[in-house]
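Remarks on the structure that follows.
Just so it is clear: chains get the letters A, B, ... in the order the sequence lines come, proteins before strands, and each one is counted from 1. All values derive from a computational prediction rather than experimental measurement.
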Amino acid sequence: MKNILSDILLSAAKKAFDKQKLTSSDFPAFGIEEPKLSTHGDFSTNFAMVMASLQKMPPRKIAEIITGEIEIAGSIIDKIEIAGPGFINFFVSPCSWHSVLYKIYEKDENFGSSNIGKNIKVQVEFVSANPTGPLHVGHGRGAAVGDSMANILSFCGYDVQREYYINDSGRQINTLGRSVFLRYRELYEEKVGFPQDCYQGDYIRDIALKIKNEKQSDLLDVPEEKAVIFCARFAAADILAGIKNDLELFGVKFDNWYSEQFLFDSGKVNSAIEAFKNKNIIYEKDGAFWFKTSEYGDEKDRVTIRNNGLTTYFASDIAYHMDKFNRGFERIIDVWGADHHGYIQRICASIEASGRKKDQFHVILIQLVNLLRNGEPVAMSTRSGEFITLEDVVKEVGADAARFIFLTRHYESHLDFDLELAKKKSNENPVYYVQYVHARISSIIRKADELGIKEIKWDDKNISVLQEGEEIQILKILSAYPEVVRSSAELLEPHRITYYLMNLAASFHSYYNKHRILSDNPIITINRLFLVLAIKKVIKNGLKLLGVSAPEIM
RNA sequence: GCGCCUGUAGCUCAGCUGGAUAGAGCAACGGACUUCUAAUCCGUAGGUCACAGGUUCGAAUCCUGUCAGGCGCGCCA
């Protein structure tokens, strides 16, 4: 609809220029939007206003010239008005909205999809929690955002891969091994000191017990160093299996699990660092090797290899991101916790230094989740190991509710997640509000079937009986769906889909309460059924992008 | 001290990258179930868009400064 109007405007402007009514044929970018007030028409453009300075004419005058060149007869336009400082308002004929229903029917689950991605290979990396403990609620938010983002991009024609990066090397894994080994020894000895910097959670004891079951006391007889390494590997594998399981319960599946250890074993870290050394981007100072990140906008240079010979986390991340591009991805999207924001600059630096463009790399920063119960904060302490895991949350409130709530906010703002509210089956809980639309419509369609309406067909001749204000309103909202999906993909903002669905749901519930779908007029009935069927399809379609189910019965 | 993010109704948040009279939900108050699912709907009330300047036809949105909150500033991960 907007494209049609845009073409009409441009050709009218061209005509006006040819007739020398306008002084410039240079038409800057303009906007077409849906005004908040219905008295301002169905669509409105600032065309005349943005042209004012170029044309050296007052906006209202330009608007008059352009609208004078538009032929209304035979078009979708009913009426054009010039208003305010120079807005051109279009009133579209009500009948022109109905065609969206056929489009939805025809495209079905692909309604709203596009090819703006042009099949470009994109990788979305998310969660990537260290395999040193179970996933918590914050990881859940990252998982919901990352997974939904991947769905949306894929729907918009990108070739998407979901990847989980496993930090399975380095000191923390060693700490994990030590922690487990100490708990293991506790199973045999009376007093074993357990330092503060070890992992405190009870899951460490569980893992120690598993090792005992498998190895009995064997580990007490081998050198401690070897025992710790065994415990580390065992524990990491065990925890990772748990993480995979949790994610599966949450409805998230990765295409690829990428190991940091593999980066070292395959020599990728080494060769990346060597390559940068040769280009003098990595230099030696005070016995350490520094990356010249400051030349790419970072505050200072960063160490890649410490003077004790050990690499930093940054070193493997340089190699990791190089490798992503080498695997053929043209766009890289990383989903991180907001506390890592200071890290963006240096990864950008390494990407630019390896000859890639800055805009091929995006970081989505996820803000904290405050876990509440009836409005009261739930005590969470990683140190003591007492915390509510993602698994706990999913088991308590369900994956649908959790995912939807994680996507009800822009990821840059803090999110209050109330466990009790997430379970409530009422208006306060947006998940059910949206799902209920799907269930209600399903129920209506079942009822219609019982009444003998076996097939809901497109009725080209009579579709225009849908003339109620609520009906036209819904048609407008349905028409906007493809655009919402597109902007959600372009801006990397899944919450736009969530808001759209809540809005569509509200319009439907309101309509449902005011008008009967199954009326005593068969023509109205069949066309209303066609309308609600379209709503049902779009609700299901949108929920799918969020990774939320669309139940037939509630 | 430096950098990044946030500041919108009592609460939680949207605001389509600068548009017309700033919107939802919750909470408050008043209504609607013999009718397709009340997990719903209708109505009322609620605002100095943190504050002060600036940019222009036009600012919640862009720029500068101030204030408040969060986070980050290691040869840690």
Given that A/Leu415 and A/Lys425 both sit by RNA chain B, which one's nearest nucleotide is further toward the 5' end?
A/Leu415

Nearest-angstrom distance, P atom, B/U44 to B/C5
40 Å

Side chains of A/Ser519 and A/Thr525: any donor to acceptor distance under 3.5 Å?
yes

Taking a pair as Watson-Crick or G-U wobble with both distances under 3.5 Å, which nucleotide is matched to B/C62?
B/G54

Mind telling me if B/C73 is syn or anti? Syn here is a glycosidic angle within 90° of 0.
anti

Output the rounded distance in Å from NE2 (A/His414) to P (B/C71).
8 Å

Verify whether one side chain among A/His414 and A/Arg409 offers a donor that lies under 3.5 Å from an acceptor in the other.
no

Quick one: does A/Thr67's side chain have a donor or acceptor within less than 3.5 Å of a partner on A/Ala63's backbone?
yes

Determine, using ring centers only, whether A/Phe91 and A/Phe43 are less than 6.0 Å apart.
no

Counting primed atoms plus P, OP1 and OP2 as sugar-phosphate and everything else as base, spell out the protein contacts along nucleotides 22-30 of chain B at 4.0 Å heavy-atom distance: B, S or - for each nucleotide, 5' to 3'.
----SS---

Quick one about A/Asn89 and A/Glu81 (side-chain donor to acceptor, distance below 3.5 Å, no hydrogens or angles considered), yes or no?
no

Lys/Arg-Asp/Glu bridge criterion (N-O < 4.0 Å) met for A/Lys61, A/Glu64
no

If the glycosidic angle is within 90 degrees of 0 it's syn, otherwise anti, so just tell me which one B/U40 is.
anti

A/Phe87 side chain: which of B/C41, B/A20, B/C71 is closest?
B/A20

Given B/A14, is OP1 or OP2 found less than 4.0 Å from the side-chain N or O atoms of A/Arg496?
no

Relative to the 5' end of RNA chain B, which residue comes earlier, A/Met49 or A/Ile444, by the nucleotide with the nearest heavy atom?
A/Met49

Pairing nucleotide - B/C67, Watson-Crick or G-U, each distance under 3.5 Å
B/G7

Applying the 3.5 Å cut-off to both distances, the Watson-Crick or G-U partner of B/G18 turns out to be none

Measure the distance from OH on A/Tyr411 to P on B/G70 and round it to the nearest whole Å.
24 Å

Which of residues 511-518 of chain A have a heavy atom under 4.0 Å from RNA chain B?
A/Tyr512, A/Asn513, A/His515, A/Arg516, A/Ile517, A/Leu518

Checking salt bridge (Lys or Arg N to Asp or Glu O under 4.0 Å) for the pair A/Asp197/A/Arg178: CA distance, chi angles, key distance, verdict?
CA-CA 10 Å; A/Asp197 66 339; A/Arg178 263 175 55 223; 3.7 Å; yes

Heavy atoms from C-beta onward define the side chain here; which of B/A20, B/C36, B/C5 lies closest to that of A/Lys447?
B/C36

Mark this stacking check for A/His410 against B/A14 as yes or no, applying ring centres under 5.5 Å and ring planes under 30°.
no

A/Glu471 and A/Tyr511: side chain donor to acceptor below 3.5 Å:
yes

Within the structure, does a side-chain N or O atom of A/Ser413 lie under 4.0 Å from either OP1 or OP2 of B/A14?
yes

Examine the side chains of A/Gln55 and A/Thr23 and answer whether a donor and an acceptor come within less than 3.5 Å of each other.
yes

Integer-rounded Å distance: B/C13 P and A/Glu412 CD
14 Å

Can you tell me how far C1' in B/G65 sits from the matching atom in B/A22, rounded to whole Å?
26 Å

I'd like to know if the side chain of A/Asn541 pairs up with that of A/Tyr481 as donor and acceptor (distance under 3.5 Å, no hydrogens or angles considered).
yes

Is there a donor in the side chain of A/Ser507 and an acceptor in the side chain of A/Gln473, or the other way round, less than 3.5 Å apart?
no

Nucleotides 73-77 of chain B: which of its N/O atoms have a protein N/O under 3.5 Å away?
{"from": "B/C75", "atom 1": "O2", "to": "A/Asn307", "atom 2": "N", "distance (Å)": "2.8"}
{"from": "B/C75", "atom 1": "O2", "to": "A/Asn307", "atom 2": "OD1", "distance (Å)": "3.1"}
{"from": "B/C75", "atom 1": "N3", "to": "A/Asn307", "atom 2": "ND2", "distance (Å)": "3.2"}
{"from": "B/C75", "atom 1": "N4", "to": "A/Asp286", "atom 2": "O", "distance (Å)": "3.0"}
{"from": "B/C76", "atom 1": "OP2", "to": "A/Arg306", "atom 2": "NE", "distance (Å)": "2.9"}
{"from": "B/C76", "atom 1": "OP2", "to": "A/Arg306", "atom 2": "NH1", "distance (Å)": "2.2"}
{"from": "B/A77", "atom 1": "OP2", "to": "A/Tyr313", "atom 2": "N", "distance (Å)": "3.2"}
{"from": "B/A77", "atom 1": "O3'", "to": "A/Gln172", "atom 2": "NE2", "distance (Å)": "2.7"}
{"from": "B/A77", "atom 1": "O2'", "to": "A/Gln172", "atom 2": "OE1", "distance (Å)": "2.9"}
{"from": "B/A77", "atom 1": "O2'", "to": "A/Gln172", "atom 2": "NE2", "distance (Å)": "3.2"}

With both distances under 3.5 Å as the test, what is the Watson-Crick or G-U wobble partner of B/G46?
none

Backbone N/O of A/Pro195 and side chain of A/Gln200: donor-acceptor pair under 3.5 Å:
yes

May I ask you to verify whether the side chain of A/His341 and the base of B/C71 hold a donor-acceptor pair under 3.5 Å?
yes

Scan every strand shown for a Watson-Crick or G-U wobble partner of B/C13, both distances under 3.5 Å, and answer none if you come up empty.
B/G23

A/Asn89 side chain: which of B/A20, B/U12, B/C41 is closest?
B/A20

Could you identify the nucleotide paired to B/G72, looking across every strand shown and requiring Watson-Crick or G-U wobble geometry with both distances under 3.5 Å?
B/C2

Would you sort out whether A/Arg373 and A/Glu396 count as a salt bridge (Lys or Arg N to Asp or Glu O under 4.0 Å), showing the intermediate values?
CA-CA 12 Å; A/Arg373 192 179 285 286; A/Glu396 183 171 346; 2.8 Å; yes

State the pairing partner of B/C33; accept Watson-Crick or G-U wobble contacts with both distances under 3.5 Å, and report none otherwise.
none

